[in-house]
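Reading through the structure tokens given below for one structure.
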Amino acid sequence: MALNDNKAGMGNLDKERINKVIYEMSKGSKYYENEQRKEEQVKAKIAAQHKQIQSFDAREIEKSELQADAMLAAIEEMRDFSRTIVHIDMDAFYAAVEMRDNPSLKNIPMAVGGSAMLSTSNYEARRFGVRAAMPGFIAKKLCPDLVIVPTNFDKYRQVSKDVKEILLQYDPNMCPMSLDEAYLDITQHLAERKNFDAEQKTFRTADGEQRMFGIAPNMMLAKVCSDFNKPNGQYLIPFNRQAVMDFVKDLPVRKVCGIGRVSCSMLGAMGVVTCSDLFRKRGLLLKLYSAISFNYFLRVSAGVGSTSVQRGDDRKSMSTERTFAEINRPAELFAKCYELCEALVEDLKKENLKGKTITLKIKTIKYIVRTKAHSLLNATQDVQLLYSTARDLLRTEIRLCSPEPLRLRLMGKSRGEQKLPFGAVKPKTDGRHTLLNYFKSPK
DNA sequence: ATACATACC
DNA sequence: CACTGGTATGTAT
């Protein structure tokens, strides 16, 4: 429940005061109670892990270490310095666009979002501890002069599109991860530019946005780099093994994309804080984690990541969800359910897609989240069929609750991709957490 | 296949 | 007045 200071712009602020304000605003709320419940769950997981660790003997761990070393040798084989990968990240993107369009916002603390939730904040606001994913009303407590500008996605989409146009000149296979970040493989671009100084690569865009670059031999490292030297900095990891190992040596695992708050505490509980700790504890980690996770940890410890920048295949799911003031009367719950089906179908039709697995997501006023899914025999984009499926799932939930009412604050629908029958399996060069990837046959 | 958790922006 | 919304993926059953 404390301030997340993993990100940039939070260097010299009064964390203690900020955390106190956040706590005062949150404590006693249903939200806070749920967060505490979740924290307890994580603690339980750590305790279970601890118990498991105590059941291992030293010889087992040594054996696992040897096995891990063999895996590491295979990873080392795949180490590749032939590509130059760039990760670009538009700093405080939404806020930057708003400041561009209204310069009077430039020198005052400002954030984009609403009183319920902020998407991002400018650097003035960050000085007060105001940051992305913070509710606006808490931000206002931290910084009473904060100006909150409503989100204007269409505008950000347009700017994002303009920037992508430019990036495409550097890499036609450029891979956007969101409106404000992308990976590029500029190997080809560099080869075509003679006398190009690798240490002085710069991108020029006409938009005036600030942006960060990470330049490295792979995507994992490039992403970490782009977070260095904020704001508007760039950071390059030299293309040799020693430089990579030096970089990774003291790098906190939390900085690595894919290792979040929970994984970080689980690892921390066994003394793994930096990437080199992942190597140090490889014997133990092999025994504790799945093959997928362990392989990923080993790669991180070696500073090895994907070198293939390419857009993913088709989308795998599409969803719509909405938060609202409590609803508990069945008639209203069903009406909301129908409304969401309509909204989802509208989105499906925009992309001419159908769904096979319908998932109903609900969040109670205590913030408990439940999902119920049902797979149809055939994919559909028909509102009535979607609704009748979702309605049945909702009815079951209402009955399970009764005679108490089902008291909700959120409802959502999603549709899972129709599984295509003729998928071939191909080995994936990398993947954050996956070893295998499924090829989808074209529609 | 289903449910739930984690992670990312 | 008030703690999002969208997508992917891992883990467990």
Side-chain angles (χ1 to χ4, degrees), chain A residues 1 4 6-7 22 25-27 29-35 37-38 41-42 44-45 89-90 92-94 112-120 131-141 148 151 153 156 160 176-182 223 227 254 256-266 288-296 312-325 340 343-344 347 356-363 365-376 393 397 409-417 419 428 431-438:
Chain A
M1 269 312 289
N4 174 356
N6 187 38
K7 279 284 181 331
I22 294 174
M25 291 301 288
S26 305
K27 71 169 179 197
S29 69
K30 293 272 192 293
Y31 173 79
Y32 185 74
E33 278 172 25
N34 187 251
E35 287 301 301
R37 192 183 57 84
K38 287 199 287 188
Q41 275 179 20
V42 173
K45 275 170 79 171
D89 184 335
M90 245 86 77
F93 180 53
Y94 299 173
V112 177
S115 67
M117 188 51 64
L118 302 178
S119 295
T120 187
R131 46 165 303 119
M134 174 180 279
F137 69 93
I138 292 180
K140 273 280 196 185
K141 264 279 183 322
I148 298 179
T151 317
F153 271 110
Y156 314 141
S160 179
M177 301 304 286
S178 64
L179 290 184
D180 77 332
E181 69 175 84
K223 165 101 179 156
D227 197 46
R254 187 65 181 85
V256 178
C257 186
I259 302 181
R261 203 179 48 84
V262 173
S263 305
C264 190
S265 2
M266 304 266 299
L288 287 171
Y289 287 85
S290 70
I292 289 169
S293 299
F294 180 66
N295 195 260
Y296 167 67
D313 306 348
D314 304 325
R315 64 155 73 240
K316 295 175 178 63
S317 70
M318 181 181 272
S319 65
T320 304
E321 68 185 53
R322 224 148 288 163
T323 296
F324 37 72
L340 285 160
L344 183 57
D347 291 347
K356 194 165 144 64
T357 302
I358 312 303
T359 305
L360 171 75
K361 173 179 172 182
I362 58 179
K363 191 190 274 178
I365 56 162
K366 292 180 175 174
Y367 290 84
I368 308 283
V369 175
R370 280 200 290 272
T371 58
K372 298 289 154 184
H374 179 80
S375 293
L376 303 168
L393 295 168
E397 284 305 295
R409 71 181 329 273
L410 172 146
M411 193 184 293
K413 294 292 156 54
S414 83
R415 152 229 80 116
E417 188 79 6
K419 292 277 184 292
K428 209 180 174 190
R432 226 161 23 84
H433 287 178
T434 39
L435 298 172
L436 292 178
N437 183 23
Y438 292 91

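Throughout, a chain's letter reflects where its sequence line sits, starting with A, and its residues are numbered from 1. Remember, predicted model here, so these are calculated numbers, not experimental data. The figures that follow rest on heavy atoms only: side chains count, while hydrogens, waters and symmetry mates do not.
- Nearest to the side chain of Tyr367(A), among dG10(C), dT7(C), dC3(C), sits dC3(C).
- Within the 4.0 angstrom heavy-atom criterion, base atoms lie near Ser319(A).
- Here the nucleotide nearest the side chain of Ser375(A), chosen from dT2(B), dC4(B), dT11(C), is dT2(B).
- Side-chain proximity of Tyr31(A) to dT4(C), dC8(B), dC3(C): nearest is dC3(C).
- Here the C1' atom of nucleotide dG10(C) and the NZ atom of Lys316(A) are 14 Å apart, to the nearest Å.
- Residue order along DNA chain C, read from the 5' end via each residue's closest nucleotide, puts Phe137(A) first among Phe137(A) and Leu410(A).
- Side-chain N/O atoms of Ser115(A) include none lying less than 4.0 angstrom from OP1 or OP2 on dC1(C).
- Contacts of Ser290(A) with the nucleic acid, taken as non-hydrogen atoms under 4.0 Å apart, involve only primed sugar atoms and P, OP1 or OP2.
- Residue Thr320(A) is in sugar-phosphate contact alone, with no base atom involved, counting any heavy-atom pair closer than 4.0 Å across all strands shown.
- For Ser26(A) against dC3(C), a side-chain-to-base donor-acceptor contact under 3.5 Å is present.
- Closest to the Gln41(A) side chain, of the nucleotides dA5(B), dC3(C), dT11(C), is dA5(B).
- When heavy atoms are screened at a 4.0 angstrom cut-off, Lys45(A) is found touching the sugar-phosphate backbone but no base atom.
- Looking at heavy-atom distances under 4.0 Å, Ser263(A) makes contact with sugar-phosphate atoms alone, never a base.
- Here Arg409(A) reaches the OP1 or OP2 of dC3(C): one of its side-chain N or O atoms lies under 4.0 Å away.
- Counting any heavy atom pair closer than 4.0 Å across all strands shown, Lys30(A) reaches no nucleic acid atom.
- The CG atom of Leu376(A) sits 12.0 Å away from atom CZ of Arg415(A), with the distance rounded to the nearest 0.5 Å.
- Within the structure, a side-chain polar atom (N or O) of Ser293(A) is placed less than 4.0 Å from OP1 or OP2 of dT11(C).
- At a threshold of 4.0 angstrom between heavy atoms, the contacts of Met318(A) are confined to the sugar-phosphate backbone, with no base atom among them.
- Between Glu33(A) and Lys30(A) there is no salt bridge, since none of the side-chain N atoms of the basic residue sits less than 4.0 Å from a carboxylate O of the acidic one.
- Between dC1(C), dT11(C), dT6(B), one nucleotide has an atom nearer to the side chain of Val42(A) than all others, and that is dT6(B).
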